[in-house]
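Accompanying notes for the structure given below.
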Amino acid sequence: MSSGELPSSYDPVAAATRWSQAWAEADVDRADPARPGPAFSVVIPPPNVTGRLHMGHALNNTIQDVLVRYKRMDGFNVVWVPGTDHAGIATQWVVRRQLEAQGIDYRTLGREGFIEKVWAWKAETGGAIVSQLKRLGVSCDWSRERFTMDEALQKAVVEHFVRLHEQGLIYRAERLINWDPMDQTALSDLEVEYAKDARGQTKLEKGELFKFAYRFSDGSGEIVVATTRPETMLGDTAIAVHPDDERYKARIGQTVDHPFLDRKIPIVGDAILVDPAFGTGAVKVTPAHDFNDFAVGERHNLPKINILQPDGRLNDVAGPFAGLDRFEAREAVKAKLDELGLARGCDEHFLAIGRSQRSGAIVEPYLSTQWFVRMKPLAGPALAAVELGATKFHPKAWENLYYSWMRNIQDWCISRQLWWGHRIPAWTCDACGKIHVARQAPEACEGCGASALTQDPDTLDTWFSSALWPFSVFGWPDRTDDLDRYYPTSVLVTAFDIIFFWVARMMVAGIHFTGRPPFADVYIHALVRDENRQKMSKTKGNVVDPLDVIERTSADAFRFTLMLSCAQGRDILWDEKRVGDASRFVTKLWQALRYATMHAEGYDPSAPMAPSVYERWMEARTGAAVARVRDALDTYRFNDAAAEARAFVWDELCDWYIELTKPTLYREADPAHKNAVKHTLFQTLGAIARMLHPFMPMFTEELWHRLPSHAASGGGLVALAAYPKAEDFAIDAAVLDEVTWMQDTVTAVRNLRGEMELSPRVPLRLLVGDALLLARLGRHAGALEALAGVSLEAIAERPVGCATLVVRGAELLIPLEGVVDIAEELERLTKVIAKSAEDLDFLAKRLDNPDFIARAPADKVEELRDKVAAASARHEVLLRSQARLREAQ
RNA sequence: GGGCGGAUAGCUCAAGGGGAGAGCAGCGGCUUUACACGCCGUUGGUUGCAGGUUCGAAUCCUGUUCUGCCCACCA
């Protein structure tokens, strides 16, 4: 591209298409295990195939892209695997609703027919999130895109299931599980959520505690129980009391009659379940419909009577109530008890009600035969991996959450009564009922030899396949070059809300199947909330669409905003205004480039260069900035990295260096010096393009190619250029000191102008008495003229009526005749002196403290002595000036 | 009922034992030949509160208040 005349503003839309094409042509994203360099591998947290890009995705993927681009430029063999998750329940729902909208009941299609519809839907709209991701400018290796229902990944899931089963870690059992009566499927404990009250604090909902009496079979009175779910009394098989409760102790072993059903119910003593102080101290026990009661049933060998159908209606066991919905039945049972004179009142009560994460239906504890993973033995090594530091969380505080979950882990219910998902690799013999778990459908029953076997109709929890993601995407269970080269992965970037669902389960599966934890680092990032600290959600209507933001601004500005906001351990409060800040930064940098290109003419990288102290200063500052940005990136402090880079560009390059180049570039000057100035400008901008590329990939590519030095430096894409290293830049302490001194002088003059409200147009003279000082300052005459509007002059004798500046203990005078009157300067000086006295006092007091001298480290004492000396000298100079000024008055 | 964060300028956040910083907002100057999406200068803080440790505390310890979150089977 020709560098010619630069447009006055950056065109993000053109840049996006131009550079994403260029990257694709150059195979920038493409990973090749055969290439050299240490591996840096990342697997994307696969978004749901039903998903649309939201702020969380944008943040999550920008972070990964920053890391991936940084490491790629830094010589690593990088792979970033993208993909999507089949999201069993969510996807089945979406397609089901779509069919319903066309008047089709999905069940009429049959299993095969429905699944075909899902695949058709996926082919048509399922890739939306992928193309949305691309607009962020992320550099995933799209040739490796995976879907958790891909054939290869299905094979991995089968292997996962079969091996765990062989090892006795997967079992089938009748248990009380969480049942969603709306979707009619089992759920894991994690998929059950509890409502939050207005404050979002507690999760109790208003309900009632209904009391009713059971009459003893022998007619010797009644016992009153309290319940929040009266309808479950149809499944009661015991009444529990505390064994030490004097009221009921003697009743243990006796029975009561069920009022509607032909059933005698025993009184049992159970110290674990019963709190004598709560309710009536007697608890009805329904082992088939309550987790606590189930445990009581196990302890006392009680029958478990299921009163529900899968759809939440009562079954035949419920006798007169059969066919009623569970909530209708509740009222009917209460009415009936009342009618029989057994109701004993009702108290208001607050309780936790579990709802399905997906459907929102109130979850029912339900007796059912399902598949489970025995988690305890699997959790041990996964726990140890973090404890021993083989996998590290950033920020570290999240390890606590991981530990607490892993240490109290329960068995995982993995079967789902859904059609869409990984089918369970288990077959039941039609003849004898024997169950076969196998990689392929068995030819014949191992028990009776019959050939008719039926595959388990259920599918697996989506997370059962996600758990394999870090190695299934590389070809596991086969041994592949990818697996050798890229597993374990380097870092997992995700939000805290799926630490249990996903991170913990990947740790478990990864260690169990490969012997190694799946990632070295886990970076947990923040949630993006709205400006009122509310979670973004469709129902609240406060969702900000990342694509809208990109359209209004640019992907580069958007990404930079996210990174500037990305402080560890804090949520991000979204404020569109901040994208404006980032856009201004893009513009600022663009303008700096414009300035550089304006002066490109005559630049010759092979011609002689005569750099001044300012060129060497710029180089040194660049090296320091590179070091700071690298350090921040290496420790996942993205906000610091972005802020350091911005401060460097704005405060050092633009506000100082570019201004310092003007006297040289706009006037006649030594050609070798001019050449060096241009060289430094281009070099610095080139370093900035590379430094910022991970944050703003398209803009920096544009910048890189527009640099007049681009062709000369060999061309190529910045995406493939080397990330700058601090050691590439010479850092000379004397140079830094010299320029800082000049800057202090300029700032002192500007400060005076500000205080005096003197326009920069008003020329001032800067008088120096000391010949040595004058010689030194003389080297910066051009800078002082350009930046502070002062001309240097030697004086033999101090003129009357001068403003005084003290820079590094030296007195500089500015004659005020005809500019401001002496009284005004006296007033200013008095303020300055007051401050100076305060400073000196503060420092001297500390030095006067004998304890400080005695106990503080020697270097701190020395440091303070120097400070006191400097402050004291400055103060003296100021006082003398004041005295002289008073005389002059 | 357990556990984990957070509280610093008007706002959003830095500083993790040595005179509290940035961006935005505010105020006062600048139509300076890259940029008014700009430049220069500048106001603003008893670091939630109360104790303690230390020569020295925003920083470490104890308590406390507010605030956000996670886990848990109280009928």
Side-chain angles (χ1 to χ4, degrees), chain A residues 6 8-9 194 196 199-201 203 209 225-229 232 240 272-275 278-286 290-296 349 351-352 354 365 395 397-398 400-401 403-405 408 496-497 499-500 527 529 531 533 564-565 567 569-573 575 577-578 580-581 583-599 637 639-640 643 646-647 650-651 654-655 658-659 662 666 746-747 750-761 786-789 839 842-843 846 849-857 859-861 863-864 867:
Chain A
L6 199 65
S8 60
S9 68
Y194 294 88
K196 295 168 184 185
R199 284 178 67 212
Q201 188 72 351
K203 294 145 203 169
L209 196 58
V225 294
T227 180
T228 53
R229 302 197 49 195
T232 62
I272 299 171
L273 177 75
V274 182
D275 170 7
F278 187 89
T280 62
V283 188
K284 59 184 279 306
V285 179
T286 322
D290 181 280
F291 288 99
N292 287 314
D293 294 3
F294 184 87
V296 176
H349 183 66
L351 72 161
W398 291 110
N400 289 322
L401 191 66
Y403 290 147
S404 68
W405 163 254
N408 300 302
F496 75 87
D497 53 349
I499 288 180
F500 303 150
L527 252 40
R529 297 172 180 277
E531 62 274 22
R533 233 171 258 282
L564 270 175
S565 318
R570 264 188 214 248
D571 285 340
I572 294 175
L573 271 53
D575 184 350
K577 209 169 57 190
R578 294 194 176 198
D581 299 343
S583 296
R584 287 189 305 118
F585 176 54
V586 168
T587 304
K588 184 73 179 175
L589 188 47
W590 183 257
Q591 291 301 331
L593 173 68
R594 224 155 80 93
Y595 175 79
T597 53
M598 277 172 61
H599 298 282
R637 290 178 293 117
N639 57 327
D640 288 342
R646 182 180 60 177
W650 209 305
D651 303 344
C654 295
D655 289 348
I658 286 184
E659 294 306 321
K662 286 180 179 175
Y666 280 117
V746 168
T747 303
R750 284 171 172 175
N751 178 288
L752 180 81
R753 284 186 185 274
E755 293 286 326
M756 297 291 193
E757 300 195 0
L758 287 175
S759 157
R761 289 294 198 188
L787 303 188
D839 285 357
F842 174 83
L843 292 168
R846 280 173 59 196
N849 181 353
D851 285 334
F852 174 77
I853 306 290
R855 303 197 186 216
D859 60 318
K860 294 289 172 198
V861 176
E863 192 183 308
L864 188 59
K867 279 185 183 175

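Here the structure is a predicted model, which is why all the values come from computation and not from measurement. Chain letters run A, B, ... following the sequence lines, proteins first, then strands; residues in each count from 1.
Comparing B/G21 with B/A58, their P atoms are spaced 13 Å from each other, to the whole Å. Taking the C1' atom of each, B/G45 and B/G2 are spaced 37 Å apart, rounded to whole Å. The same atom, P, is picked in B/A14 and in B/U54; the two are 31 Å apart, to the nearest Å. Comparing B/U65 with B/G28, their C1' atoms are spaced 41 Å from each other, to the whole Å. Nucleotides B/C40 and B/A50, compared at atom P, are 40 Å apart to the nearest Å. For the C1' atoms, the distance linking B/U64 with B/G29 amounts to 48 Å, nearest Å. Using P as the reference atom, B/G44 and B/U33 are 33 Å apart when rounded to the nearest Å. With P as the reference atom, B/A20 and B/U47 are 10 Å apart, rounded to whole Å.
When heavy atoms are screened at a 4.0 angstrom cut-off, A/I853 is found touching no nucleic acid atom at all. Nucleic acid contact class of A/L843 (heavy atoms, under 4.0 Å, all strands): base. Contact annotation for A/V285: no contact, since no heavy-atom pair falls under 4.0 Å across all strands. As judged by a 4.0 angstrom heavy-atom cut-off over every strand, A/K867 is placed among the base-contacting residues. Across all strands shown, A/F291 has no heavy atoms under 4.0 Å from either base or sugar-phosphate atoms. Across all strands, A/F585 comes closer than 4.0 Å to no nucleic acid atom at all (heavy-atom distances). If you check every strand for non-hydrogen atoms under 4.0 Å, A/L864 touches nothing. At the heavy-atom level, A/D571 lies under 4.0 Å from the strands shown only through sugar-phosphate atoms. Using a 4.0 Å heavy-atom cutoff across all strands shown, A/D839 reaches at least one base atom of the nucleic acid. Residue contacts shown for A/R753 are absent, as no nucleic acid heavy atom lies under 4.0 Å away.
For B/C24, one of the phosphate oxygens OP1 or OP2 lies less than 4.0 angstrom from a side-chain nitrogen or oxygen of A/R584. Regarding contacts with the backbone of B/G19, a side-chain N or O of A/R846 is found under 4.0 angstrom from either OP1 or OP2.
Summary of the strand contacts: A/T587 and A/L593 both lie near RNA chain B, and taking for each the nucleotide with the nearest heavy atom, the more 5' one is attributed to A/L593. Comparing A/S583 and A/R637 by the nucleotide of RNA chain B that holds the closest heavy atom to each, the one mapping nearer the 5' end is A/R637.
For A/A856, counting side-chain heavy atoms from C-beta on, the closest listed nucleotide (B/G28, B/G18, B/G38) is B/G18. Counting only heavy atoms from C-beta on, A/W650 has its side chain closest to B/C39 among B/A75, B/C71, B/C39. In the set B/U32, B/A75, B/C39, the nucleotide with an atom closest to the side chain of A/F278 is B/A75. Here the side chain of A/A567 is nearest to one of B/C13, B/A75, B/G19, namely B/C13. Of the candidate nucleotides B/A14, B/G18, B/A75, B/A75 has the atom lying nearest to any side-chain atom of A/V283. Looking at the side chain of A/D581, the nearest of the listed nucleotides B/G18, B/C24, B/C69 is B/C24. Each of B/C69, B/C39, B/A75 was ranked by its minimum atom distance to the side chain of A/D655; first place goes to B/C39. Checking B/C70, B/G18, B/C37 against the side-chain heavy atoms of A/P857 singles out B/G18 as nearest. Relative to the side chain of A/K860, the nucleotides B/G18, B/C35, B/C39 differ in distance, and B/G18 lies closest. Checking B/C35, B/U32, B/C24 against every side-chain atom of A/R761, the shortest atom distance belongs to B/U32.
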Report each atom pair, protein N/O against N/O of nucleotides 3-7 of chain B, whose distance is under 3.5 angstrom.
| residue | atom | partner | partner atom | Å |
| --- | --- | --- | --- | --- |
| B/G6 | O3' | A/R570 | NH2 | 3.4 |
| B/A7 | OP1 | A/R570 | NH2 | 2.9 |

Can you check nucleotides 42-45 of chain B for protein contacts, nitrogen or oxygen pairs under 3.5 Å, and list what you find?
| residue | atom | partner | partner atom | Å |
| --- | --- | --- | --- | --- |
| B/U42 | OP1 | A/N751 | ND2 | 2.7 |

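The shortest distance between side-chain heavy atoms of A/L273 and A/D293 falls below 4.5 Å. Using a 4.5 Å cut-off on side-chain heavy atoms (C-beta onward), A/R229 and A/P365 make contact. Residues A/E863 and A/K867 form a side-chain contact, since some pair of their non-hydrogen atoms from C-beta on lies under 4.5 Å apart.
Distance, A/N408 CG to B/G2 P: 15 Å, rounded to whole Å. What separates CD of A/E659 from C1' of B/U33 is a distance of 11 Å, to the nearest Å. Whole-Å rounding puts the A/L6 CG to B/C35 C1' distance at 12 Å.
In this model, a side-chain donor or acceptor of A/K588 finds a partner on the base of B/C35 within 3.5 Å.
Judged as a ring pair (Phe, Tyr, Trp, His ring centres under 6.0 Å), and not counting sequence neighbours, the contacts of A/H349 are A/F278. Taking the side chain to side chain donor-acceptor pair (under 3.5 Å) definition, one finds that A/R753 meets it with nothing, sequence neighbours left out. Residues passing the ring pair (Phe, Tyr, Trp, His ring centres under 6.0 Å) test with A/F294, sequence neighbours excluded: none. Annotation: side chain to side chain contact (heavy atoms under 4.5 Å, CB included) contacts of A/A856 (sequence neighbours excluded): A/F852, A/V861. Every residue was checked against the ring pair (Phe, Tyr, Trp, His ring centres under 6.0 Å) condition with A/Y403, not counting sequence neighbours, and none meets it. Taking A/D571 as the reference, A/R529 meet the salt bridge (Lys or Arg N to Asp or Glu O under 4.0 Å) condition, with sequence neighbours excluded. A search for side chain to side chain donor-acceptor pair (under 3.5 Å) contacts involving A/K662 returns A/E659, not counting sequence neighbours. Annotation: side chain to side chain donor-acceptor pair (under 3.5 Å) contacts of A/N400 (sequence neighbours excluded): none. Residues meeting the side chain to side chain donor-acceptor pair (under 3.5 Å) test with A/D839, sequence neighbours left out: none.
Base orientation of B/G16: syn, since the glycosidic angle falls within 90° of 0.
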Inset, instruction - Return one dot-bracket line describing RNA chain B 5' to 3' (Watson-Crick or G-U wobble pairs, both distances under 3.5 Å; ( ) same strand, [ ] crossing, | another strand, . none). - result: (((((((..((((....[..)))).(((((.......))))).....(((((..]....))))))))))))....

Inset, instruction - Could you check A/L6 against A/M598 for side-chain contact (heavy atoms from CB on, under 4.5 Å), going step by step and ending with a plain yes or no? - result: CA-CA 8 Å; A/L6 199 65; A/M598 277 172 61; over 6 Å; no

Legend entry - Derivation and outcome, side-chain contact (heavy atoms from CB on, under 4.5 Å), residues A/T286 and A/K284: CA-CA 7 Å; A/T286 322; A/K284 59 184 279 306; 3.0 Å; yes

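Formation of a donor-acceptor pair under 3.5 Å by the A/R646 side chain with backbone atoms of A/D651 is not found in this model.
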